[in-house]
Amino acid sequence: MPTPSRWPLRVGIVGYGFAGRTFHAPLIDATPGLALVAISSGQRALVAQDWPQVQVVDTPDALFALPDLDMVVIASPNETHAPLARAALHAGLHVVVDKPFTLDLAQARALADEAQGCGRILSVFQNRRWDSDFLAIRNGLNAGMIGRVATFESRMDRFRPQVRDRWREADMPGSGLWFDLGPHLADQALQLFGLPDSIQGTLACQRDNASIDDWAQVILLYGQMRVSLHCSMLAAWPDARFAVHGTGGTLLKRAADQQETQLRTGMVPGADGWGADPDDMLVFDGTDTPRAVPSPPGDQRIYYALLRDAVMGHRANPVPPIQAIAVMAVLETAARSAREGQRLSLPLNEEEKVLWAQAWER
């Protein structure tokens, strides 16, 4: 375990694309005990406009070499995650990797070993654990509102009928909608239900000129319970974000968390109304009228607050490498299932299953 560091912790970001600009920089800046001090990006003018007090460097190596840096966030294209995280770890830095963790399970395992050998904290940015929609559903399940769960449906749908010229939608390693949104869907399911018995996946390219998957339907099997994870780029009127059916009724969460929308419009995290969700969760118990339960506010800053405390030695890593390994196993197995057209087991060894269970119980 690393020794406690200074206060505030000095943080740098690699990459100032959508993730770095929209999520990481504002959330870090709004978290007490963290100071955003440097960004590695070719967009010097944009960074200077947004964060005039932050140092801009041209390369990740230059960022890693800065004196007195405590932690870096890897928010660059997916294929760079593993090599850049490895370089940062060997520079003596704590590392946050945006999702997906790596390109495959082998890379994930190797990177986890590197972090352990370097004695640094390696974490993955699973910010959707602190979304209002997920918190509402988790609270309802923990309270036993619908008895034993039979079917859990989780959807992240978009309406973007035109293929855009960006790496996420190009045919390259780590691209495609399943690797983009699947990490959120899979991580939330694993947090609620644990590791599945098996996985059945289907991926498709549905838009004109699409070269990589833009639709995914993945089923996680837990005995007789089924967990359905779905994402699409052609849903102008999306279905409910969550629908959960059980022996005692149904939970329905129609609208998604608002934090991404708030961040896109420039709201400062923690400002009045931050994370507020006006869409109630509905509880159906077989009667004609559902019961409305207010959704708790979301706050993705909690991830960085917990990580800050972990670096200071006060608590465990909120998203340790073993949980990222499990998510990567789900992503990879679902893609393989889609190619082979068959149900597959999760390829985790017994030691990994034990480590995952220990982290989950915390």
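Residue numbers count from 1 along this sequence. Owing to the predicted nature of the structure, the values given are computational and were not obtained by experimental measurement. Only this structure's heavy atoms are used, side chains among them; waters, hydrogens and symmetry mates stay out.
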Does any part of the side chain of Trp51, heavy atoms only, come nearer than 4.5 Å to the side chain of Asp29, both counted from C-beta? yes
Kindly indicate whether the side chain of Arg128, heavy atoms from C-beta on, has any atom under 4.5 Å from the side chain of Pro183. no
Nearest non-hydrogen partners of Leu122 and Asn317, listed with the distance: O-ND2, 2.8 Å
Between Leu9 and His94, is any pair of side-chain heavy atoms under 4.5 Å apart? no
Between Gln55 and Leu66, is there a donor-acceptor pair closer than 3.5 Å when you use the side chain of the first and the backbone of the second? no
Over all atoms of both residues, closest heavy-atom pair of Asp213 and Ser175: OD1-O, 4.4 Å
Check: Thr102/His81 side-chain N/O donor and acceptor closer than 3.5 Å: no
Whether Lys253 side chain and Ala255 backbone form a donor-acceptor pair below 3.5 Å: yes
Would a single hydrophobic cluster contain both Leu195 and Ile219, if residues Ile, Leu, Val, Met, Phe, Trp and Tyr are joined by side-chain heavy-atom contacts under 4.5 Å? no
What verdict does the side chain to side chain contact (heavy atoms under 4.5 Å, CB included) test give for Phe18 and Arg264, after you've listed the backbone C-alpha separation in whole Å, the side-chain angles of each residue and the deciding distance to 0.1 Å? CA-CA 10 Å; Phe18 175 72; Arg264 283 174 176 269; 3.4 Å; yes
Side-chain donor or acceptor of Gln200 paired with backbone N/O of Leu221 under 3.5 Å: no
How close do Ser295 and Asp279 get, counting heavy atoms only, and between which atoms? OG-O, 2.7 Å
With distance as the sole test, does Gln258 use its side chain to make a donor-acceptor pair with the main-chain N or O of Ala256 at under 3.5 Å? yes
Decide yes or no for Trp130 and Asp299: does some side-chain heavy atom of the first lie under 4.5 Å from some side-chain heavy atom of the second? no
Which of these passes side-chain hydrogen bond (donor to acceptor under 3.5 Å, both in side chains) with Lys99: Asn78, Asp180, Asn127? Asp180
Asp257 versus Gln259, side-chain donor and acceptor atoms under 3.5 Å: yes
About how many Å separate CZ of Phe242 and CD of Glu153, when rounded to the nearest 0.5 Å? 11.5 Å
Do you know the tightest heavy-atom contact between Ala235 and Phe159? O-CB, 3.6 Å
Do Leu331 and Pro100 have side chains that approach each other closer than 4.5 Å (heavy atoms only, starting at C-beta)? yes
Where do Ile13 and Leu63 come nearest, in terms of heavy atoms and distance? O-CD2, 3.6 Å
Does any N or O in the side chain of Arg10 come within less than 3.5 Å of the main-chain N or O of Trp7, such that one atom is a donor and the other an acceptor? no
I'd like to know whether Asn139 forms a side chain to side chain contact (heavy atoms under 4.5 Å, CB included) with Met281, so could you lay out the CA-CA distance, the side-chain angles of the two residues, the decisive distance to 0.1 Å, and finally the verdict. CA-CA 10 Å; Asn139 290 347; Met281 180 179 68; over 6 Å; no
Can you check whether Gln191's main-chain N or O pairs, donor with acceptor, with Trp360's side chain at less than 3.5 Å? yes
If two hydrophobic side chains count as joined below 4.5 Å and joins carry through other members, does Val163 share a cluster with Phe179? no
Report yes or no: does Asp214 contribute a side-chain atom to a donor-acceptor pair with the main-chain N or O of Arg207 at less than 3.5 Å? yes
When you look at Tyr303 and Phe23, which way does the side chain to side chain contact (heavy atoms under 4.5 Å, CB included) test go after all the steps? CA-CA 12 Å; Tyr303 168 79; Phe23 288 97; over 6 Å; no
For the residue pair Ala310 and Pro318, what are the closest heavy atoms and their distance? CB-CD, 4.3 Å
Can a donor-acceptor pair be found, under 3.5 Å and without considering hydrogens, that links the side chain of Arg44 to the backbone of Val56? yes
Could you measure the distance from the CG atom of Leu306 to the NE2 atom of His314? Nearest 0.5 Å is fine. 12.5 Å
Answer yes or no: does atom CD of Glu351 have more than 12 heavy-atom neighbours from other residues, nucleotides or ligands under 6.0 Å? no
Taking side-chain contact (heavy atoms from CB on, under 4.5 Å) as the criterion, tell me which of Leu220, Leu185, Leu348, Asp187 meets it with Val330. Leu220
Is any side-chain heavy atom of Arg158 closer than 4.5 Å to one of Leu181? yes
Any donor-acceptor pair under 3.5 Å from Gln107 side chain to Ala82 backbone: no
Would you say Ser228 and Gln217 are linked by a side-chain donor-acceptor pair, where the criterion is simply a distance under 3.5 Å? yes
Reported CG-to-CD distance for the pair Asp208 and Gln162, which is rounded to 0.5 angstrom: 8.0 Å
Check: Gly275 main-chain N/O paired with Gln262 side-chain donor or acceptor under 3.5 Å: yes
Are Arg241 and Ser154 close enough that a side-chain donor and a side-chain acceptor fall under 3.5 Å? yes
Side chains of Asp285 and Thr287: do they bring a donor and an acceptor to under 3.5 Å? yes
pair Ile146-Leu141: side-chain heavy atoms closer than 4.5 Å: yes
Within 6.0 angstrom of Gln224 CD, more than 12 heavy atoms from elsewhere: no
For Arg160, look at atom CZ and say whether over 12 heavy atoms of other residues, nucleotides or ligands are found less than 6.0 Å away. yes
Please walk me through it: do Phe101 and Val327 pass side chain to side chain contact (heavy atoms under 4.5 Å, CB included)? CA-CA 9 Å; Phe101 184 35; Val327 169; over 6 Å; no
Geometric class of the Phe125/His24 ring pair [parallel <30°, tilted 30-60°, perpendicular >60°]: tilted
Do Glu340 and Arg336 pass the salt bridge (charged side-chain N to carboxylate O under 4.0 Å, His left out) test, and can you show the C-alpha distance, the side-chain angles, and the key distance before you say yes or no? CA-CA 6 Å; Glu340 299 179 2; Arg336 182 183 160 207; 2.9 Å; yes
Can you check whether Thr333 reaches Pro347 side chain to side chain, under 4.5 Å on heavy atoms? yes
